[in-house]
Amino acid sequence: MNTLLYYFGLISLLPLQVFYFKTKTFYEDETRRSERLKGPVIIISNHRSYFDGMAIVLTFFTKRFHFLATDFYQDRRKLLKLAVRLAGGILIEDGGRNLSYVEACKRVVAKGRPLMIFPEGGYPSTFEPAAFSAGYVMLAARTGARIVPVVNDFNYGLFRRLHLLVGNSIELPCSAGTELEREKLAEINDDISQRFLMLYYQLKRRKAARFSARYELVAPKRGDVIRVPGPAYHHYGVYLSPGEVIQFGHALNRPGEDVVVNAVTMKEFCGTHIPEVRTLKRRERRSVRDADEIEAYARSCLGQGGYSISNNNCRDFVDRVTLKI
């Protein structure tokens, strides 16, 4: 009966998929897409609104999903708690002190049903995925489930299109039922969080590729993307003022320095070169963030590492900071 009610509710949400989500799904490895949700699986995803879970469930319509519901539901009426359970929710009661939810998760995973968890918790107001709590790692170790990351760009709207990127599944280096030490949990969580962030950048790079950027010799304004030529490629930065350009890496090679997001003066960024300024087609300019948001985003990334020539280089950095992608 619960399954019947679950699918009845899911069918009622189909107009969301057709008119509001219009989801386009990418895969980290297209050749392995059929393996993603087979067997015991815990799906982890970034979280910004109550639409996020619906979007994932509707994308994998044939799967009977369950999800963890936190203390948000505990002080609500019994009817709401019943609705959460019918929708597949597993309630975490007493602030997590009551571990009955762990046994419930084991039963769900043993049936081959995907369990969905949002490790950020709540709706963090950050530009990029917030730090993950390690609870999902603990559950994966106890249940023997694989972890499947799903990146969401939150692009909901009638005239917009949602994008999901499904990563390769991650198997923990332990057998089912293992109790991991806190240090090991933190180590595994840090590794998975970094892999998730790289997938997030990969999705952003896919979306930025559709823009037709040109570069001109004009005076830059606050929030503009500027570039200078290097030995083998151009180097990009976000212009804020003559005294501050935020970049990922360095315009000039500086031996011994880590490649991180940092701030330099315009003179330091350009060296002996004259900078070019990015311009976009008129219809693409609506996708550029305003200068205040660009500055806030760029500053929030200062000190950030994880440089990758394939999907997290200086151009990828300026694209995701300045474009609504």
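Computed over heavy atoms, backbone and side chain alike; hydrogens, waters and symmetry mates excluded. All of these numbers come straight from a predicted model, not from anything done at the bench.
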- Compute both the distance and the angle, then confirm whether R289 meets the cation-pi test with Y297: under 6.0 Å from the six-membered ring centre, within 45 degrees of the axis. no
- Any side-chain donor-acceptor pair under 3.5 Å between R48 and T126? yes
- List the atom of P40, the atom of G144, and the distance in Å for their closest heavy-atom pair. CB-O, 4.3 Å
- Note on the structure: What one should report as the nearest heavy-atom pair of E28 and Q202 is CA-NE2, 4.3 Å
- Query: Cation-pi between R227 and Y215: NZ/CZ under 6.0 Å from ring centre and within 45° of the ring axis?
  - Reply: yes
- Message: Ignoring hydrogens and geometry beyond distance, is a side-chain donor-acceptor pair present between Y156 and D52 at under 3.5 Å?
- Response: yes
- Message: What verdict does the side-chain contact (heavy atoms from CB on, under 4.5 Å) test give for C301 and F317, after you've listed the backbone C-alpha separation in whole Å, the side-chain angles of each residue and the deciding distance to 0.1 Å?
- Response: CA-CA 9 Å; C301 295; F317 167 72; 3.8 Å; yes
- Only one of I192, L68, N46, I44 clears side chain to side chain contact (heavy atoms under 4.5 Å, CB included) with P119; which? I44
- Run the numbers on N312 and R320 for side chain to side chain donor-acceptor pair (under 3.5 Å), then give the verdict. CA-CA 10 Å; N312 191 25; R320 64 176 176 266; 2.6 Å; yes
- Task: Tell me whether the centres of the aromatic rings in F196 and F132 are closer together than 6.0 Å.
- Result: yes
- Message: Would E244 and T265 count as a side chain to side chain donor-acceptor pair (under 3.5 Å) here? Give the steps.
- Response: CA-CA 5 Å; E244 189 172 23; T265 65; over 6 Å; no
- K106/E103 salt bridge by N-O under 4.0 Å criterion: yes
- Where do F269 and G237 come nearest, in terms of heavy atoms and distance? CZ-N, 3.6 Å
- Item | Nearest heavy atoms of T23 and T25, plus distance in Å | CG2-OG1, 3.8 Å
- Message: Looking at F26, I'd like to know if the NZ or CZ of R206 sits under 6.0 Å from its six-membered ring centre while staying within 45 degrees of the ring's axis.
- Response: yes
- Item | Ring centers of Y20, F51 separated by less than 6.0 Å | yes
- Query: Could you walk me through whether K281 and E284 pass the salt bridge (Lys or Arg N to Asp or Glu O under 4.0 Å) check?
  - Reply: CA-CA 5 Å; K281 293 179 179 178; E284 295 176 333; 5.6 Å; no
- K184 and E181 ion-paired at < 4.0 Å: no
- Mind running salt bridge (Lys or Arg N to Asp or Glu O under 4.0 Å) on D319 and K204 for me, showing each step along the way? CA-CA 8 Å; D319 282 343; K204 295 294 184 180; over 6 Å; no
- Message: Looking at every heavy atom in both V321 and I294, which two are closest together, and how far apart are they?
- Response: CG1-O, 3.7 Å
- Query: To the nearest 0.5 Å, how far apart are CG in D153 and CG in L164?
  - Reply: 7.5 Å
- Item | N189 and Y136: CA distance, side-chain angles, deciding distance, side chain to side chain donor-acceptor pair (under 3.5 Å) verdict | CA-CA 9 Å; N189 181 48; Y136 70 98; 2.7 Å; yes
- Query: Of all heavy-atom pairs between C314 and Y307, which one has the smallest distance, and what is that distance?
  - Reply: N-CE1, 3.9 Å
- Query: Would you say the side-chain atoms of Q247 and N262 include a donor-acceptor pair closer than 3.5 Å?
  - Reply: yes
